[in-house]
Protein chains: 2
Amino acid sequence: MEETKSVTDGRHLRSLHTRHKLLEAAKEVFPEEGFHKATISQIIKRAKTGYGTAYVHFTGKDDLLIVLMEDVMTAFYSIAELPFTPASRAEAEELILYQTTAFLRMAESERKMLQVFGEAIGVSASASQKWAEIRERFINRIAQDIAYSQQNGLARTGLDPELVARGWFYSHEMYLWEIVRGEHQAQLDEIAKTLAAIYTGGLYS
Amino acid sequence: MEETKSVTDGRHLRSLHTRHKLLEAAKEVFPEEGFHKATISQIIKRAKTGYGTAYVHFTGKDDLLIVLMEDVMTAFYSIAELPFTPASRAEAEELILYQTTAFLRMAESERKMLQVFGEAIGVSASASQKWAEIRERFINRIAQDIAYSQQNGLARTGLDPELVARGWFYSHEMYLWEIVRGEHQAQLDEIAKTLAAIYTGGLYS
DNA sequence: CAAAATATTGACACTATGTCAACTTTTCTG
DNA sequence: CAGAAAAGTTGACATAGTGTCAATATTTTG
């Protein structure tokens, strides 16, 4: 019903087009200027729409960015949701190293946009919340993986999987921000190796 | 020379007093309003000075906050600089657990101010830089401790002490921000135990 | 005490935000 | 298909905060 309306209704179509123009403009302006320096005026100018239009389609600058982050989030989730059912300690270690590497590589490939998002997290409550979503999804998944390993006699028991998962994710997240800032490009695999070594050495000793 | 002038010169004294009033006002306003919502107008109003005065004594809102952070930094440094020369693995583990606990406890005791600082880090380049200073000091110190343990046959070799130290500190830092946000109050010791267990289990297995 | 040095002040120019009444475009209806 | 209704667009405006600077006030000096 809504589908039909969306396709036929020329008004809605126009609206969608305007929205799209704004998003495209924002996608350019944000990385160029950074979150704080970017202004609605810059964005509407590039999108060739009126000032108020931006506020019709989005609640503000944060909202515009949040929508742009969806793409990045999708990529993140695909890593978080990788299957983890190792049969041996060696296989567990391999999977963990792979996941760690994938995570850090993503920091590199999505650098520009993550840089903007990192800046926004400090300022905008909604950006901060969006990032918290990504984080919790990762942590939940890691906690599951740890619990699985504990139940199958691969990992040391007696530690709360969620607390371990948090600490584990946090060290990754902070490395992510460093990579985004442009530090450590060359060492990426070395970092992954180190993080995985500490983690597995600790849990699987 | 400057000392003498400072004490005798009534103009300088007045200036110092004004500066002090501004800092006291900022110390109240920042935690009440948060970094973003706090304005220069609110601060000068409470300090009972003119608007421009704030800009005579400080370059802006960030600068005012940075100065307030010095106290907190001092406390942090005292933890970072604790001596670490364990003779056995058991002693190393004990020291590490102590340091971890002290670090997290500080997050609790300095909560309000750290909350403001956490917010400022995202917005203000100078706040971000100040925090980076604290962080690097910690990381350097931890890296030294790890190298010490490696050299004395207490810790596994073959891993870069600095990379390990970073991952280690990062998980602590992120837990710090969580504690500052008011999550995990009760679990504080449990968190310290978990972090220390992973770290020592990993390095000292 | 007058002049010099220093400190304080608020009005001003500037920049950005978010709102809303007027306007344009598209669809519906008799 | 005319004109009413609905949906979308627009920029002027009110508001709020920043940082600057010429004028003013206070203190020291000769």
Inset, instruction - Would you tell me whether B/Trp131 and B/Glu173 have side-chain atoms, one donor and one acceptor, within less than 3.5 Å of each other? - result: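 Indeed, the side chains of B/Trp131 and B/Glu173 share at least one donor-acceptor pair under 3.5 Å.
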Does [X] reach a base, just sugar-phosphate, or nothing at all? Heavy atoms under 4.0 Å.
X: B/His57; value: sugar-phosphate
X: A/Thr39; value: sugar-phosphate
X: B/Thr18; value: sugar-phosphate

Are [X] and [N] close enough that a side-chain N or O sits under 4.0 Å from OP1 or OP2?
X: A/Tyr55; N: C/dG18; answer: yes
X: B/Thr49; N: C/dT8; answer: no
X: B/Tyr51; N: D/dT18; answer: yes

Legend entry - Given DNA chain D, 5'-ward residue of the pair A/Ile44 and B/Gly52, judged by closest heavy atom: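 Whichever sits nearer the 5' end wins; that is A/Ile44.
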Inset, instruction - Would you kindly compare B/Arg14 and B/Thr59 by the position of their nearest DNA chain D nucleotide and give the one closer to the 5′ end? - result: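 Checking each residue's closest nucleotide, the 5'-ward one belongs to B/Thr59.
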Inset, instruction - Just say parallel, tilted or perpendicular for the rings of A/Phe30 and A/Phe35, cut-offs at 30° and 60°. - result: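 Taking A/Phe35 first and then A/Phe30, their aromatic rings lie parallel (interplane angle under 30°).
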Legend entry - Aromatic ring pairing B/Trp168/B/Tyr199, orientation class (parallel under 30°, perpendicular over 60°, tilted between):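 Taking B/Tyr199 first and then B/Trp168, their aromatic rings lie parallel (interplane angle under 30°).
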Provide, to the nearest angstrom, the distance between the [atom1] atom belonging to [X] and the [atom2] atom belonging to [N].
X: A/His17; N: D/dT9; atom1: NE2; atom2: C1'; result: 14 Å
X: B/His12; N: C/dA4; atom1: NE2; atom2: P; result: 23 Å
X: A/Gln42; N: C/dA16; atom1: CD; atom2: C1'; result: 11 Å
X: A/Leu13; N: C/dT27; atom1: CG; atom2: P; result: 9 Å
X: B/Leu64; N: D/dG19; atom1: CG; atom2: P; result: 11 Å
X: B/Asp63; N: D/dT18; atom1: CG; atom2: P; result: 14 Å
X: B/Lys45; N: C/dT9; atom1: NZ; atom2: P; result: 16 Å
X: B/Arg11; N: C/dT6; atom1: CZ; atom2: P; result: 6 Å

Legend entry - A/Phe103: which of A/Tyr98, A/Tyr77, A/Phe138 passes ring-ring contact (aromatic ring centres under 6.0 Å, His included):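 For A/Phe103, the ring-ring contact (aromatic ring centres under 6.0 Å, His included) test succeeds with only one of A/Tyr98, A/Tyr77, A/Phe138, which is A/Phe138.
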Legend entry - Closest non-hydrogen atom pair between A/Ala143 and A/Ala165, with its separation: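 Between these two residues, the closest heavy atoms are N-CB, 3.6 Å.
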Inset, instruction - Would you mind telling me which of D/dT27, D/dG8, D/dT10 lies closest to the side-chain atoms of A/Thr53? - result: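 The closest nucleotide is D/dT10.
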Inset, instruction - Side chain of A/Val56 only, please: which of C/dT17, D/dT18, D/dT9 is the nearest? - result: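 Minimum distance to the A/Val56 side chain belongs to D/dT9.
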Legend entry - Along DNA chain C (nearest heavy atom to each residue), the more 5'-positioned of A/Ser41 and B/Arg19: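 By nearest-heavy-atom nucleotide position, the 5'-most residue is B/Arg19.
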